Amino acid sequence: MVREDYLFRKVHDINILRRAWHLARYDSKTDFIEDPYRNEDYAFNIEANLTSLSNALRKDEYHPSPLLNIDVPKSTLSVRPGSKIYIEDKIVLFAITILIAPKLDKELPEGVYSFRLKKEFDEKTLFKDIQFLRFPFLKEKTIKREVVIFEQWYSQYPKFIEDSIYAYEEEGYNYLTLSDITSYFENINLNLLQSTLINYLPKNNHKIINLLCSLLRYWTFPTVYGGYIERGIPQGNEVSSFLGNIYLLPLDKEINKFCKKKNAKYFRYVDDIKIFSKEEYIAREAIFEMNKVLRNLHLNIQGSKTSILKDKEIFNKLFDSRMVTVNKIIDEIQINRNNMDKKLRNELLKKLIKENIRKRKITQKKDLMLYKRLITAFTLLDSSYMIKSILSQLPKNPDAGLTEKAVRYFKLMPRNYLVLAKELLKFLELPINIFVYQKANIIDSFRYFNEINSKVVKYCRLSLRKKQEHWYVRSKCALLLSNLNLVEKSLVSLLKIFNNESNVELKKSLISSLCQLEKNKLNKFLQELMNDNNKKIYSIGRMLTSLYRNYNNKAIEEIDNIFRNYDENVLANAFYKIEVIKHCKKFETKKYLLVRLRSIRRKIKKKHLKEKVERTIVFLNRSIQKSL
């Protein structure tokens, strides 16, 4: 006999929560809104945090935090609602998913390709990795191999296309019904989702579904009059993508029945639907059948993306020889990445340049996908070839995916900071730059250049002072300023903004700059953080205070973490910790930090980072001399 709510009883298991922590942290890398500390404050006391979360879940005392929301641009005239889930809530979501996914994935038919469970993942192997789960920061390769439960999109999406082409070329399906769902994630009905989950999960497990759906209901958007409609799930995370998959199970079941009767084939990747048939009337019937089922799910077919293709139109739609070529080049780059000579690199560059898109504005989906893959390829080759092209595209196409790829590319091109800074700043000051998401991400890229332009610094100082500016843009400006060697006057100004600010996320971003306060002021500031009623501020304060006082040798551990496998960007992003550790009372800690800084001072290329390192070395020398 199955025990009542046995899945819910596992949610607070500390090993489930540890695994969920790694999944949540890995998933957070692609959040629309980046955490300024990459959740390191939560990881700093991970065992205590997970124990506290486990107790709260067990005692029914767990309460989620509100979502952070931001409009994510799709085109020059449209946006979709992007959101960020606080790390602790994301851990709970993944803990639930770990438990329910194996049961639900079995219900999905073969024709569904998106967010499918890994074949080797099952309940029997869930705890094989307990030993390494105890480490708060696992390598990305380890997480992908041992912890991640879903197949990655880049292996599944090509298979979705490959099998579609096979159905046309080899199996003789010469009609293709294409369709998409209007505002898919925003229109998922939570009552229907709850019913679907209960229907397909083992009996007597309502409590775990109630917990999941209570979170989703808490995060729904209010109406213009302040009320709430139980519709929509947060976008931009793997759990929502999996739940969206399950929500369409009734569609999968009904269309599969239709296809068996009509000798047709059904394929789905998220809300991208393809139905292959051998007769035109069946292709037309498929649209009406699909529309009928979707209406029952409170969803609608997107008319502009619904069509019937025939014969060669199918191949032209599905197959892109340019993408095949670029993907082959990317595979070759990755195979030879560790031993690539100049000759091979030049050959691969020539092939990529030949495939590059030279259009004034890229709007077609196939062209945009190809363009983003080209950026990936040139990034892997550490080539600046696409800088000019991308700079011309950004003002014309604010697509979030393109912006993310572009910014990642710019961050890896620090030597080209003069051109990039000039052109990006020019774009930021244009009146057409109306998307907060794009603006914030571009500001973030400046932090990674070899030198931060004085005009960029001025722009960020002014933006930070503007209360009418979006908090996320102001947060990115605050983080950029933290990369500089700040004088007392600037720190006083930033502390004033911090004390008068009500937005917690902006306050979090300001903390990294304020770690440069002189010792007495820093000590007082850290005490105030520790006394803050907001748990997000308190969490950062607890981490910094542990470093300041070197509790349980935490400062030494953190120095080792920062300098292990030296990376200039890692050092720059973590330097706020060094600003705190340098005031540690323990002589040995200061001496150890000084040795590590001296060992890398000649490797540093970033001008602003070099200034901070040199200043800290001087400070530590004086401090150690006084102690002798």
Side-chain angles (χ1 to χ4, degrees), residues 2 6-8 10-11 13 15-16 19-20 22-24 26-27 90-129 143-160 163 181 184-185 188 190 192-209 211-213 215-216 233-235 237-257 259 265-274 293 297:
V2 178
Y6 82 97
L7 287 178
F8 180 78
K10 289 184 177 182
V11 169
D13 183 297
N15 291 310
I16 292 277
R19 188 183 188 100
H22 289 293
L23 287 169
Y26 180 72
D27 186 70
K90 194 175 272 196
I91 290 170
V92 174
L93 280 180
F94 269 105
I96 294 169
T97 305
I98 286 167
L99 293 167
I100 67 174
K103 325 284 183 188
L104 294 167
D105 184 75
K106 291 173 185 175
E107 299 293 333
L108 292 166
E110 287 185 11
V112 177
Y113 293 78
S114 51
F115 294 90
R116 298 304 303 267
L117 212 64
K118 280 184 176 177
K119 286 177 182 149
E120 67 271 20
F121 180 84
D122 57 55
E123 289 180 284
K124 292 177 183 176
T125 62
L126 184 59
F127 298 114
K128 69 179 181 182
D129 45 21
I143 293 173
K144 283 181 182 178
R145 186 180 66 248
E146 303 287 351
V147 186
V148 170
I149 62 176
F150 297 120
E151 290 287 0
Q152 300 295 299
W153 77 267
Y154 46 77
S155 62
Q156 290 299 94
Y157 188 78
K159 188 169 178 7
F160 169 64
D163 288 354
I181 300 171
Y184 173 42
F185 286 98
I188 288 176
L190 298 182
L192 286 173
L193 175 62
Q194 187 167 8
S195 298
T196 302
L197 292 169
I198 289 171
N199 185 51
Y200 289 109
L201 274 177
K203 291 179 180 178
N204 304 318
N205 273 295
H206 292 192
K207 199 168 182 181
I208 194 170
I209 300 307
L211 171 61
L212 172 62
C213 292
L215 292 176
L216 299 176
I233 60 176
Q235 295 187 46
N237 66 88
E238 284 195 342
V239 174
S240 288
S241 297
F242 178 71
L243 292 175
N245 234 10
I246 301 306
Y247 188 74
L248 290 180
L249 247 173
L251 175 71
D252 300 332
K253 302 273 186 184
E254 290 303 314
I255 298 300
N256 264 331
K257 284 181 191 174
C259 288
K265 275 205 154 186
Y266 172 67
F267 300 100
R268 177 169 70 79
Y269 192 92
V270 192
D271 60 338
D272 183 354
I273 297 162
K274 294 177 170 54
V293 182
L297 289 170

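This is a predicted model, so every value here is computed, not measured.
- With sequence neighbours left out, Lys207 forms a side-chain hydrogen bond (donor to acceptor under 3.5 Å, both in side chains) with no residue at all.
- Under the rule for a salt bridge (Lys or Arg N to Asp or Glu O under 4.0 Å), the partners of Lys90 that lie at least two apart in sequence or sit in another chain are Asp27, Asp31.
- Taking Asp271 as the reference, nothing meets the salt bridge (Lys or Arg N to Asp or Glu O under 4.0 Å) condition, with sequence neighbours excluded.
- In this structure, the ring-ring contact (aromatic ring centres under 6.0 Å, His included) partners of Phe242, at least two apart in sequence or on a different chain, are Phe150.
- Between Ile188 and Leu216, every side-chain heavy-atom pair lies at or beyond the 4.5 Å cut-off.
- With a 4.5 Å cut-off on side-chain heavy atoms, Thr97 and Leu23 do not count as touching.
- For the pair Tyr266 (side chain) and Pro109 (backbone), a donor-acceptor distance under 3.5 Å is absent.
- The side-chain hydrogen bond (donor to acceptor under 3.5 Å, both in side chains) test applied to Tyr247 returns no partner, not counting sequence neighbours.
- Residues Arg268 and Val112 have side chains in contact (heavy-atom distance under 4.5 Å, counting atoms from C-beta outward).
- Distance CD1/Ile233 to CG/Leu190: 8.0 Å, rounded to 0.5 Å.
- Shown here are the side chain to side chain contact (heavy atoms under 4.5 Å, CB included) partners of Lys253, two or more places apart in sequence or in another chain: Glu107, Tyr200, Leu249.
- Residues meeting the salt bridge (Lys or Arg N to Asp or Glu O under 4.0 Å) test with Glu238, sequence neighbours left out: none.
- Once rounded to the nearest 0.5 Å, the distance linking CD1 of Ile181 with CG of Leu248 reads 4.5 Å.
- Evaluation of the side-chain hydrogen bond (donor to acceptor under 3.5 Å, both in side chains) rule for Ser240 yields Asn237 as partners, not counting sequence neighbours.
- Contacts of Ser114 classified as side-chain hydrogen bond (donor to acceptor under 3.5 Å, both in side chains), with partners at least two apart in sequence or in another chain: Asn245.
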